[in-house]
Amino acid sequence: MELGIGKSSIVKALAETCGRSQKEIYRQFKDLGDLGLVAQASRLSQSMLLKPDALTVTKVFNTFLAKESGQNSREKKKNHIKSLLLAATDCEPLYLTRLLQKELRIGASEQTLLSALGQAAVYSEEHAEPPPEIQSPSEEAAKIVKQVYSVLPDYDKIVCALLSDGVWRLPTTCNFTPGVPVGPMLSNAITSVSKTLNKFQNVGFTCEYKYDGERAQIHYMENGSIEIYSKKAERNTKKFPDVAAAVARLKKIAVSSFVMDCEIVAYDRAKQKILPLQVLSTRARKNVAASDIKIDVCIFAFDLLYLNGQALLKENLQIRRKHLYASFEEESGFLQFATSITSNNAEEIKKFLDESVNASLGDTLDLVPIGAFHGCGQRAGVYGTFLLACYDNDNEEFQTICKTGIGFSEKELEKCSARLRSKMIPRPTTYYRHAEKIKPDVWFEATEAWEVKASDLTISNVYQAAVDKVDSDKGISLRCPRLVRVRPDKVPEDTTSSEQVAEMFKDQKQNHPNKSKTTNKNE
DNA sequence: GTCCCACACCCCC
DNA sequence: ATCCGACCCATTCGG
DNA sequence: CCGAATGGGTCGGATGGGGGTGTGGGAC
């Protein structure tokens, strides 16, 4: 469930609970890099004459579960938080605050919990000895629980099954269930194309386009009902009535139930052209009526996990694909199979790769750090994020383009932080063009150049790069910007210009509305 | 009293 | 989304 | 032959742009 509580709500509650201003709380937060530590430092209940009852797990849990919505709901939620904070002692304010933010920062998270669950089940095993061939029961049990959880992500069911029948029978007692989303298979990025091709020399492997849309898992049950889940298992059924209609129409007659893995992509059916993710994301999300849909989508199907009452999860991809192809009719702009090849020829594979990325594996720009934000958690004490800009020759100004905080080793981050700290200026210069919305904690003189890689350029409401060159009042920003290296050989005026940024944006294939469909059919 | 906008939150990548 | 660092484990290297 | 080095995989926790939705406050 969504708590609807974020940083601001917690800051408000904290401020009121300990009689400090929000400004003070924020100042301390920048210092400590963790609202939990701020709560801890506030020693909330020390001065209270009459302490509220000690907190119990049940009390905290029930308070979290109190669903508030509508008028005054924020006020009510804030009061819930205040009452918990007031009753908290010792380390409780720290972990309460972190729980509310869903980030415990204890170096253990879901995968560790699953391991622990499996190991605990071994130690309290009443049901059966581990099978004799098992070398390390606790490691094996951890594996089993993780595996089972990926197929049936439901703690209620798993814990009950562990208690009643033990961990060794878990794969039998907890099974894939139509209607319950399966953990998605995820891709891993490679670091070098040539290295990877070498690794697979003379080994047959399969390649497939990765489409830029939204992952979806479509469950079609025997009774004809449909559920659509996102990558993180959110129920998106009511967001995609058109997708539900398409699969129901395009499944073959013999198909009575299935689970399909696919990418939903915005699509212009008249031009038979894939549209950028930014277009897809403007679709309404809740209780969408088919008649209100303005952005059409095409389903790019790439896997089939369940068919006619049979799980295919343990079959290999070749077989799952065979079933996929045999179970659906393709219809351009509605449902298509992801473009793929299977080959053991490096040349062929390379060609397929080149076609798929159309020679744009990511853009690299040289940009100028002009501001920074204090880091959080492990990054407390250094800057966590830098505000970057590009130079515009027409207006002789630096225009903000994005923030970045990744790609640095810890050492590099410390060095950059120290170097730029000495270039701090009290306020932005007159030749920095930036939106009020983005206010870095500190500003810097424009003194150096950083090479930054991005996976895409986007139209932005908050960044100013190349404003007026592509859109009259919107600038350009970057998707997934990360530092590649500092460029000591370059000066700020010698970096990627806003003209070049505009060109890069226009060069992105999908931004050409009138390109022929032949050019685009393999996107 | 109504309408609109900013902001916070959450989710997508 | 991308990336880094810590950690674990299996394999390879080098004395 | 054995310990050290290396490499791959997993996990957690840093960090990015951007859009829809709901709430609350300000404008009218």
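The sequence lines fix the lettering, A, B, ..., with proteins before strands; numbering per chain opens at 1.
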*Roughly how many Å is it from NZ in K78(A) to P in dC7(B), rounded to a whole number?*
18 Å
*Atom OH of Y211(A) to atom P of dC13(B): distance rounded to whole Å?*
17 Å
*Taking only the side-chain nitrogens and oxygens of K146(A), find out if one of them lies under 4.0 Å from OP1 or OP2 of dC11(D).*
yes
*Grab the OH-P distance between Y149(A) and dC11(D) for me, whole Å please.*
13 Å
*Excluding sequence neighbours, so at least two apart, what forms salt bridge (charged side-chain N to carboxylate O under 4.0 Å, His left out) with K453(A)?*
none
*Does a nitrogen or oxygen in the side chain of S455(A) sit under 4.0 Å from OP1 or OP2 of dT2(C)?*
no
*Looking for any heavy atom pair under 4.0 Å, which part of the strands does L3(A) touch: base, sugar-phosphate only, or nothing?*
sugar-phosphate
_On DNA chain C, does the nearest nucleotide to R482(A) precede the nearest nucleotide to E139(A) from the 5' side, or the other way round? Give the residue._
R482(A)
*For K77(A), salt bridge (charged side-chain N to carboxylate O under 4.0 Å, His left out) partners two or more places apart*: none
*Rounded interatomic separation in angstrom, taking OH from Y26(A) and C1' from dC7(B)*: 11 Å
*Hey, which of these two, L483(A) or E263(A), hits DNA chain C nearer its 5' end, going by closest nucleotide?*
E263(A)
*Side chain of S9(A) (C-beta onward), nearest among dC9(B), dC11(D), dC4(C)*: dC9(B)
_Between dC12(B) (C1') and D456(A) (CG): distance, integer Å_ = 14 Å
_Residue R215(A), side-chain heavy atoms: nucleotide from dC11(D), dC13(B), dC11(B) that is nearest_ = dC13(B)
_For a quick check of understanding: with a heavy-atom distance under 4.0 Å over all strands, which category does K7(A) fall into, base, sugar-phosphate or nothing?_
sugar-phosphate
*Which residues pass the ring-ring contact (aromatic ring centres under 6.0 Å, His included) test with F337(A), sequence neighbours left out?*
Y325(A)
*asked:* Counting the atoms with a prime plus P, OP1 and OP2 as sugar-phosphate, which does E412(A) contact under 4.0 Å by heavy atoms, base, sugar-phosphate, or nothing?
replied: nothing
*Can you sort out the partners of Y391(A) under ring-ring contact (aromatic ring centres under 6.0 Å, His included), two or more places apart, ordered by chain and number?*
F398(A)
_Under 4.0 Å, counting only non-hydrogen atoms across every strand here, what does K210(A) touch: a base, just sugar-phosphate, or nothing?_
sugar-phosphate
*K439(A): what forms a salt bridge (charged side-chain N to carboxylate O under 4.0 Å, His left out) with it, not counting sequence neighbours?*
none
*Assign the ring pair F300(A) / Y211(A) to parallel, tilted or perpendicular, where the plane angle (0 to 90°) is split at 30° and 60°.*
parallel
*Would you give a per-nucleotide map of nucleotides 13-23 of chain D, 5' to 3', where B means the base has a protein non-hydrogen atom under 4.0 Å away, S means only the sugar-phosphate does, and - means neither?*
SBBBSSBSSBB
*State, with a plain yes or no, whether a side-chain heavy atom of F240(A) is found less than 4.5 Å away from one of I228(A).*
yes
